[in-house]
Each structure stands twice: as structure tokens, then as C-alpha cells.
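In what follows, a single structure is set out as C-alpha cells and then discussed.
Worth saying up front: this structure is predicted, and the values here are computed from it rather than measured. In each ligand, atom 1 is the first atom listed, and ligand 1 is the first ligand listed.
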Amino acid sequence: MWAVSNQVKGGRMLCDNHGRRIDYLRLSVTDRCDLRCSYCMPEGFKGYEEPANWLTFDEIERVVGAFAHLGVRRIRLTGGEPLLRGNLAGLAGRLSVIPGIDDLSLSTNATHLAKHARALRQAGISRLNVSLDTLDSARFAAITKRDALASVLHGLMVAKKAGFGQIKINMVVMARVNEEEIDAMVAFCIAHGFILRMIETMPVGETGRNTGFVALAPIRERLRSRFGLVDGVVPGGGPARYLVSPDRRFQVGFITPMSQHFCETCNRVRLSVDGTLYTCLGQNDNVDVRALLRAGCSDNDLAAALVEGVNRKPFKHEFGEDPAKVVRFMSSTGG
Ligand code: SAM
């Protein structure tokens, strides 16, 4: 029986102190990854979270149930590389049937996707985001430190056949690394019906800070005129601003945390694999949810802690003003 809720007319709604509705949880199921993308995890990194500190599937289900009770509707499984966590489809099956959750999606690097795509689709994952910065295998190996492009492309083709409603390709654009491949990525996404999203590198962790970012506005305007694109909206589009072709066969999004922040529309919080709730990718404030769970908290105590954490959500990141603020890199927070 829940006593804590944010009941409003027409349904529950979780809002922060800046009037933003929070209906989206990005849930990290592991901080491990089989790639070492230059802007994300340091090469030779060994500081993974102890398995004893990972939230169990029962604990994850309980936290998602509490968030759903408060008004969260969308869950994205992420990491680290989520497919490295055993029986991810089993977890997805448990989360997709939680009352109130109407959108379950996955972010993956797709190295292991071919093996799991069908089971994940059947378990209720409807949408996929796949990280892919290049179509050139030597460049892929240089960026990720693994020779795995063929597995990623195979995974994407299997996923396409498995019937996901939407597959987005996330491309982090890096100066003098993959900038010249933008047109090739556009052609690849048009050919396969994938939605392309370009991302500006964020200064999270030393790796992110050392990469620098490419401002996407000029690229956006070049693609707009080259393909006759118009402004558009894509379901589940999150912070990306989209251009679409008039026949909607091609959709491209731009995620610009550096050149044009979008914090005023932020609708999300993140739970890392050790049960730390972060309410902003670019700030350090957090709630230790695992400690509460393992101290035997009641459902109402849990919900109250989540509401309090959301109430404290900062208005904006400070990537521009204080780029050294966040020492944890993307993969440890849950990207
Ligand atoms: N392994 C999964 C994947 O590859 O999508 C999920 C985790 S990964 C950390 C999530 C996303 O974060 C990827 O698209 C990755 O490119 C992006 N990312 C990692 N570090 C970043 C940074 N410093 N700036 C911008 N995006 C970053």
C-alpha cells in the first residue's frame, strides 16, 4: 500500500522543483563494457563496481515499480554494455509488464546483439539505440580498441528482422576522426531505415573532456539544404532536435548539450548499476537507493526518497562553466 504519490488530475505525475515532468528512467544494468571508446571509458580501466553492489533483478523491479507508481512511463536499459549482464531478456520481461510502464527501450553497442535481438524483442523491448561512430573497420578499431565492426553490423541486420519499432544509430561526432563520414552514415541509415542521431561529446570523465566536441549546427544546416530536410518530431526523440525528409524516409537528430543545452526540457533521471540515483548527467548530486533497499525500507520510504531526489534535480548541467565537475565517465553513470 502506497501513501506517497504525486497524484494529479488524470494520472500520476512526478515533477521536479523547476516544473519539469520526470517520466523517463535510464537504468544501467552494468558498468562493464567490451569496447573502450576513446571519449568514454579509459583504456586499461579496472575500477568496475563489485558484483555484490549491483542491484539484483528483484531490486531493480522494485525500484522501477516505485518509479512507475510515481508516474514514470519510460525505461531505457543501458550501461556499460547492457548485453554483458546475464539474462537481460529475463529482466526486460519483468519490467515490461509493470503497470504504468509503456515504453521499454535499450541502448547497446550491438557487439552481442545478433544473439539476443529476438529474445529482447519478445521480452517487450520496442526500440533500440545502437552506438556506431564509423562504418570503416580500421577506424572502428581505432575508436573502440576492438575489431568488432562486423559483429555490430550483423547485430543491426538481425535486429532489423526481429521487428523493433525503431532503430536509432548514435554517432558521436569527433573532429578529424569521423567528421568526414557523415554523408556515408546518412546513406547507410537511409538504406536501412535507421534514424541517425549525431551527438556532441560531453566533458564527462577525463575521456570526455580530452575529446572536445564538434558543434553540430553547421552540419545540420548543410544536411538540411543537401537533402531538402524540414524540422520534424520523432516519437521518443528525447533531447535530439530532428530534421526529416518530406516523405519521412530519412530522419536525423542532433544532440547538442555543448553548443545549445536543452536542460529546460529534461525529463529524465538515471539509476547506475550500484543503485545510485543521479538526477543530472552533468552534476554530482545523488541518492543512495541501494542503501535504502538493503536497510529494508518500506515502499513508502522508497517512494519518498525518489520524490525527494527528483525535487533536488538541478536546473542545468555546467559543462560549459565547470567542465571538470563530473569525474565519472558516461559508462559508469549509465549513458
Ligand atoms: N553500451 C551502450 C551503447 O554503446 O550505446 C550504452 C552505454 S553508452 C555509455 C551510451 C551512449 O553514450 C553511447 O551512444 C556513447 O556513444 C555515448 N557517450 C559515451 N561517452 C560520451 C561522451 N563523453 N559524450 C557524449 N556521448 C558519450
Side-chain angles (χ1 to χ4, degrees), residues 26-43 45 48-49 75-85 88 105-113 116 120 125 127-134 139-140 143-146 148-149 151-153 155-156 159 164 167-175 177-178 185 194-216 238-240 253-259 261-262 268 270-273 278 280-282 317 319-320 323-335:
R26 294 179 73 104
L27 178 68
S28 175
V29 294
T30 181
D31 58 347
R32 291 165 195 244
C33 191
D34 52 339
L35 302 183
R36 287 291 178 279
C37 298
S38 49
Y39 48 81
C40 187
M41 199 188 285
E43 226 182 325
F45 177 76
Y48 288 127
E49 192 56 62
I75 306 289
R76 173 170 295 277
L77 302 177
T78 184
E81 173 44 42
L83 293 178
L84 298 185
R85 179 92 185 236
L88 188 71
S105 58
L106 171 71
S107 285
T108 175
N109 62 28
T111 54
H112 296 280
L113 185 57
H116 299 291
L120 292 166
I125 292 184
R127 299 184 299 114
L128 284 183
N129 283 7
V130 172
S131 295
L132 181 62
D133 300 330
T134 175
R139 188 172 287 148
F140 184 96
I143 295 170
T144 67
K145 320 297 177 301
R146 301 284 186 281
L149 179 63
S151 313
V152 171
L153 296 178
L156 269 169
F164 289 95
I167 299 180
K168 290 181 182 149
I169 303 293
N170 281 344
M171 174 189 192
V172 175
V173 180
M174 291 162 276
V177 177
N178 63 348
M185 291 290 282
F194 301 144
I195 298 171
L196 178 60
R197 300 202 311 171
M198 291 177 217
I199 304 174
E200 291 175 351
T201 318
M202 292 172 244
V204 286
E206 220 176 298
T207 41
R209 268 193 290 288
N210 290 343
T211 304
F213 75 97
V214 173
L216 295 177
F254 301 85
I255 302 181
T256 57
M258 305 306 293
S259 64
H261 82 77
F262 36 74
R268 63 202 53 198
R270 289 177 159 83
L271 190 68
S272 62
V273 65
Y278 293 101
C280 176
L281 191 56
H317 64 67
F319 290 149
K325 185 163 194 167
V326 174
V327 295
R328 58 184 197 277
F329 44 88
M330 188 75 92
S331 188
S332 58
T333 306

> Is there a side chain to side chain donor-acceptor pair (under 3.5 Å) between E81 and T30 once you walk through the steps?
Replying inline: CA-CA 7 Å; E81 173 44 42; T30 181; over 6 Å; no

>> With side chain to side chain contact (heavy atoms under 4.5 Å, CB included) as the criterion, how do L113 and L128 come out once you've worked through the C-alpha distance, each side chain's angles and the decisive distance to 0.1 Å?
In response: CA-CA 10 Å; L113 185 57; L128 284 183; 3.9 Å; yes

> Stepwise, does the side chain to side chain contact (heavy atoms under 4.5 Å, CB included) test hold for R76 with N129?
Replying inline: CA-CA 10 Å; R76 173 170 295 277; N129 283 7; 3.4 Å; yes

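At a 4.0 Å heavy-atom cut-off, ligand 1 touches T78 through the side chain alone. Counting heavy atoms closer than 4.0 Å to ligand 1, residue T108 contributes backbone atoms (N, CA, C, O) but none from C-beta onward. Contacts between T201 and ligand 1, counted as non-hydrogen atom pairs separated by less than 4.0 Å, involve both the backbone and the side chain.
Near V172, meaning under 4.0 Å from one of its heavy atoms, ligand 1 places the atoms 16 (O), 26 (N). The ligand atoms of ligand 1 that sit less than 4.0 angstrom from a heavy atom of N170 are 14 (O). For ligand 1, the atoms closer than 4.0 angstrom to any heavy atom of G208 are 23 (N). Every atom of ligand 1 is numbered from 1 in the order shown, and the set under 4.0 Å from a heavy atom of V204 is 23 (N). In summary, the atoms of ligand 1 found under 4.0 Å from a heavy atom of S107, numbered by their order in the structure, are 2 (C), 5 (O), 6 (C).
For atom 24 (N) of ligand 1, the closest non-hydrogen atom on the protein side is M202 N, 2.8 Å. Summary of contacts: the protein heavy atom closest to atom 9 (C) of ligand 1 is M330 CG, 3.5 Å. Considering only non-hydrogen protein atoms, atom 16 (O) of ligand 1 sits nearest to Y39 OH, 3.1 Å. Atom 13 (C) of ligand 1 has S131 OG, 3.1 Å as its closest protein atom, hydrogens excluded (heavy atom only).
Looking at L156 and L132, their side chains come closer than 4.5 Å, going by heavy atoms from C-beta outward. Under the 4.5 Å side-chain criterion, counting only non-hydrogen atoms from C-beta, L88 is not in contact with H116. Side-chain contact between R146 and T111: absent, with no pair of heavy atoms (C-beta onward) separated by less than 4.5 Å. When side chains are defined from C-beta on, S332 does not count as touching M41, because their heavy atoms never get closer than 4.5 Å. Contact of the F45 side chain with the T207 side chain is not registered, since no non-hydrogen atoms from C-beta on lie closer than 4.5 Å.
Not a single ring-ring contact (aromatic ring centres under 6.0 Å, His included) links F254 to another residue, sequence neighbours left out.
Considering both main-chain and side-chain atoms, E200 never comes within under 3.5 Å of ligand 1 through any nitrogen or oxygen pair. Taking distance alone, with nitrogen or oxygen atoms compared against 3.5 Å, D133 stays at or beyond that limit from ligand 1.
Put simply, part of G79 is less than 4.0 Å from ligand 1, judged by heavy atoms. Taking a 4.0 Å cut-off on heavy atoms, G80 registers as neighbouring ligand 1.
Note: H317 and F319 have parallel aromatic rings, judged against thresholds of 30 and 60 degrees for the angle between ring planes.
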